[in-house]
Amino acid sequence: MDYEKRLWLSIVEKELKIMASEGSVEAELAPLTLQKPPKEEMGDLAFPLFAYAKLFKTAPEKIALELKKRIENNGNYPKEELLVFGGYLNVKVDLNFVANRLIENVIREKENFGNGELYKNKRIMVEFSCPNTNKPLHLGHLRNDAIGQSISSILKANGAEVLKVNLINNRGIHICKSMLAYQMTSEGETPASSGIKGDHLVGKYYVRFNELEKEDPTIIIKAQQMLKKWEEGDVETLKLWQQMNDWTMEGLKETYEKTAVEFDYYFYESETYALGKDKVLQGLKEGIFYREKDGSIWIDLEDIGLDKKVLLRSDGTSLYLTQDIGTAIERHNMWPFDSQIYVVASEQSYHFKVLFHVLEKLGYHWAKDLHHLAYGMVNLPDGKMKSREGTVVDADDLIEQLTLLAIGEIKEKEREAEIENVNNTAQAIALGALNYYLLQVNPFKDMIFNPDESISFNGNTGPYLQYMGARISSMIRKFSSQEKEFENVSVKVELLNLAEERSLIKLASEFPLVVQQAAEELNPSIISTYLYDLSRLFSRYYHDYPILKAPSKELIKARYTLVKVILQVFRNSYALLGIPFLESM
RNA sequence: GCGCCAAUAGCUCAGUUGGAUAGAGCAACAGCCUUCUAAGCUGUGGGUCAGAGGUUCGAAUCCUCUUUGGCGUACCA
C-alpha cells in the first residue's frame, strides 16, 4: 500500500495546487493528510479536506467533488474508484497490485518479511534484566526481560546491529546482607544439601537478614563493615561472596533458559565499579566534582535544575551511580555504539538523568546517545507487590503454574495424540501466554497483573494467537498431500475479492510499517495490537469461508496462497514478541 | 513542598500522532461443533473518554487550571 499511498498523495496534492492557482488563492496550502477510512466499503485511502474550506471559500464536500471530477477526467491518472463522503475524498485502489506485491515479497523474504533499514549500520546496545544476586527473579524482571528481548528483536528487524547485555548487580550493601545472614545462620547449607535452587536459597538468606535486623537493628553496621572488607579484597569475604554468587547465577540462568531470554554479553558490577571510582576521582581533580568535609564526593546539578548528588561515600566505597558510570565507559570502549538503551523501571528515571549528565560533564560526547527506556511497575489487583508481605510473584513459580495449566488444557481438549511432545508444547504455550500478557501494555504504563486472567487461554491471549498459527499449519499439512493436483493452477489474486480478503491483504501489507513504528517508539505493544487485529480478522474469515474446500481449484489456490502469507506474518510477529510458534497445539 | 508520569465500559487494555458512529478481551446474557483444530465464531447490553475552561471547521488526542492515583526527590539498588 506504500506505493499507492505515495502515488495518491502526490495526485491529490497536485490537483489541490492547480485548484488554488486557478482560484488565485495566494496563501500556503495546509499539508495534505492521508488516512484510513473506518470501513472497508468506504475505500482504502481517505483525504480529509476540511482544512481547505476556508482557503477556497467552499464547503469541504464541494472540494471533494471537484477533485473527484478533475482526477477522473485526467487521462494520466490510474483509473481507480473515487468516493466522496462528506468532506472526504476516498480512493478504492486496485488491490490486485497490492496483493501480488505482497505475495511476491513474502515468498522472497520469508522470515525477513517486515524488516526494514531504519537503523541500518547502527550499533545499538540494549541493557536489560540486570538482576541482583541476592534473590530469584520475580514478575517485575519478567516484564523487563520481555520488553528487553522484544525491543532487541524489533531493532534488529530494522537493520540495527544489536548487542544484548546484562549487568549483574553482584556487589553492594544488599549483597552483603544475604552473605551476613548466611554466615550467621546457615550451618553450611548448600543448594545440593537442601535441594533448593541456588537463587532461591540465597534469597532465603536475604529475607532472613531482614528478620535478624528486626531483632537487632545494629546488624546493618556489620553489613557495612563487610562491604568495606569486600572492597579491600578480604579473602574470606570474597570466597563466601563468590560461592553464593555462583549459586544465584546458576539459578538465574536456568530461569533465563526457560523464558528463552538470551544475552550476548554479561557485565558484572564487581568488575566495573573500580573504573567508576577512578573516573569520579579524576573528575574531582578536574574540578567537575567537589569533596565534602567528611570525604564524600559530590556533583552539583544546579545547571539542570536538580539538587546535589553523592558519587562516592565518605568511607570511599562505591554507589549505584558510581558503578553505572564505570559500566557505561567500559561498554563504549569495548563496543563503540551509536546508541545504548537501558531497559530499567521508571522509578529510576532520576538516576539516569543524573548518570547521563555526569557522563556528559566528564566529557563523553556519546552521553547524548544514551536512552532510558522506562517501563512502569507491575502491580497486583490488590496493590503493590511487597516482599515483606510475601505478595511477590516468583518467576519460576509462575512459569511452573502456567505450564501445568497448559498441560491440563491439552488433556482436556484431547490433543495429546496430535502433539509430539506435550511438555514442550505446554511450556511453549505458557511462555506465549506470559510474554503476550506482558507486552500487550505500552511499556511506560504501570500495569496490573491479574493472576486469574493471566492463566486464561481464551480471548485476547498468547495461546489464542498461537492457535491461529497451529490451525494454518494443520491446513498446510492437509494441502501438501494433494499439492501435485495444484501444481499447474496459477494464483489469481483477482479471485480474492471478498471484503475480508481485501482487509487481510491490506493489513498484511502494513506489517513492515508496524515493525518500523514499534522501533521508532520502542514499543512492542504496537506489534501486539497489530497481531491481535490480524488474528481476529483472519479468524472470522476462516470461520466463514472454506479454504481447502472452496468451490474451485483456482479459488483454493488463491485462498491457500493468502493464508500462507498470513501465516508468515504471524510467525514474524511472534518472533518479535517472544511467542513460540507451534505447528500444532 | 518540588519534579516526573498516569486517569477511556464493572475489570484489564487499544485508540492509526487532531478527523467519519470511541473499540477489543474478560465478566453477564443468547446462539453456533456429523463441517479446514470450539484455545474458535456470531449476537445483546454496558461510555459525562476524571472535571472545568481554551485553541480549532473538528479534541479521548494539543494548551491551562483543578481533582485523584503512582513514582521519585537516600552516603539503598
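Proteins come first, then strands; the chains are lettered A, B, ... in the order of their sequence lines, and each starts at number 1. Note that the coordinates shown come from a computational prediction; the quantities given were computed from them, not determined experimentally.
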[N] to [M] separation - [atom1] atoms, rounded to the nearest Å:
| N | M | atom1 | value |
| --- | --- | --- | --- |
| B:C4 | B:G25 | C1' | 31 Å |
| B:G58 | B:C13 | C1' | 27 Å |
| B:G10 | B:A27 | C1' | 8 Å |

Consider the side chain of [X], meaning its heavy atoms from C-beta on, and name the nucleotide among [options] that approaches it most closely.
| X | options | answer |
| --- | --- | --- |
| A:Met377 | B:U16, B:C76, B:C71 | B:C71 |
| A:Phe50 | B:A20, B:C57, B:A39 | B:C57 |
| A:Pro38 | B:A20, B:U73, B:C71 | B:A20 |

So, does [X] get its side chain near the phosphate of [N], meaning an N or O under 4.0 Å from OP1 or OP2?
| X | N | value |
| --- | --- | --- |
| A:Lys478 | B:U37 | yes |
| A:Arg559 | B:C36 | no |
| A:Ser474 | B:C36 | no |
| A:Lys384 | B:C71 | yes |

Determine all donor-acceptor pairs shorter than 3.5 Å in which one atom belongs to a side chain in residues 405-417 of chain A; sequence neighbours excluded.
residue, atom, partner, partner atom, Å
A:Glu409, OE2, A:Lys413, NZ, 3.3
A:Arg415, NE, A:Met585, O, 2.8
A:Arg415, NH2, A:Met585, O, 3.2

Quick one: does NZ or CZ of A:Lys553 land under 6.0 Å from the six-membered ring centre of A:Phe486, within 45 degrees of the ring axis?
-> yes
Exercise. Checking all strands, does A:Glu418 fall into the base, sugar-phosphate, or nothing category for heavy-atom contacts under 4.0 angstrom?
Worked result: nothing
B:U21 base / A:Lys39 side chain donor-acceptor hit below 3.5 Å = yes
A correct 5'-to-3' footprint of nucleotides 8-13 of chain B, with B, S and - meaning base, sugar-phosphate only and no protein heavy atom under 4.0 Å, is ----SS
Reading nucleotides 40-45 of chain B from 5' to 3' and marking B where a protein heavy atom lies under 4.0 Å of the base, S where only the sugar-phosphate is that close, and - otherwise, the string is BSS---
Please tell me whether A:Ser456 and A:Asn458 have a donor and an acceptor in their side chains that are separated by less than 3.5 angstrom. no
- Item | Rounded interatomic separation in angstrom, taking CG from A:Leu301 and C1' from B:G3 |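 The answer, rounded to whole Å, is 13 Å.
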| query | With a 6.0 Å cut-off on ring centres, are A:Tyr342 and A:Phe352 close enough? | reply | yes
Between A:His351 and A:Tyr320 (judged by ring centroids, cut-off 6.0 Å), do the two rings come close enough to count as a pair?
yes
Matching residue for A:Ser270 among A:Asn170, A:Asn245, A:Asn169 - test: side chain to side chain donor-acceptor pair (under 3.5 Å) =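 Testing each of A:Asn170, A:Asn245, A:Asn169 against A:Ser270, the sole residue satisfying side chain to side chain donor-acceptor pair (under 3.5 Å) is A:Asn170.
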When A:Glu501, A:Glu4, A:Glu40 are each screened for side chain to side chain donor-acceptor pair (under 3.5 Å) with A:Lys506, the one that passes is A:Glu40
Residues at least two apart in sequence or cross-chain that pass salt bridge (charged side-chain N to carboxylate O under 4.0 Å, His left out) with A:Arg536, listed by chain then number, are none
Residues 433-449 of chain A vs side-chain hydrogen bond (donor to acceptor under 3.5 Å, both in side chains), sequence neighbours excluded, gives A:Tyr436-A:Asn460
Glycosidic class, syn or anti, of B:C5 using a 90° window around 0: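 That one's anti.
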_Show me, range against range, the stems involving RNA chain B, built from at least 3 consecutive Watson-Crick or G-U pairs below 3.5 Å._
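The stems that RNA chain B takes part in, listed by first number, are B:1-7 with B:67-73, B:10-13 with B:23-26, B:28-32 with B:40-44, B:50-54 with B:62-66.
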### Task
Please determine if A:Asp44 and A:Lys36 form a salt bridge, counting it only when a charged side-chain N lies under 4.0 Å from a carboxylate O.
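Not counted as a salt bridge, because no side-chain N and carboxylate O are separated by less than 4.0 Å.
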- Task: Could you walk me through whether A:Phe444 and A:Tyr375 pass ring-ring contact (aromatic ring centres under 6.0 Å, His included), step by step?
- Result: CA-CA 4 Å; A:Phe444 78 85; A:Tyr375 66 89; over 10 Å; no
Tell me which of A:Leu34 and A:Trp298 sits closer to the 5' end of RNA chain B, going by the nucleotide each one is nearest to.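 Closest to the 5' end, via its nearest nucleotide, is A:Leu34.
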Report task. Would you kindly compare A:Glu292 and A:Lys54 by the position of their nearest RNA chain B nucleotide and give the one closer to the 5′ end? Result ->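 Its nearest nucleotide lies further toward 5', so the answer is A:Lys54.
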In short, A:Thr248 meets A:Thr133 closest at the heavy-atom pair OG1-O, 3.1 Å
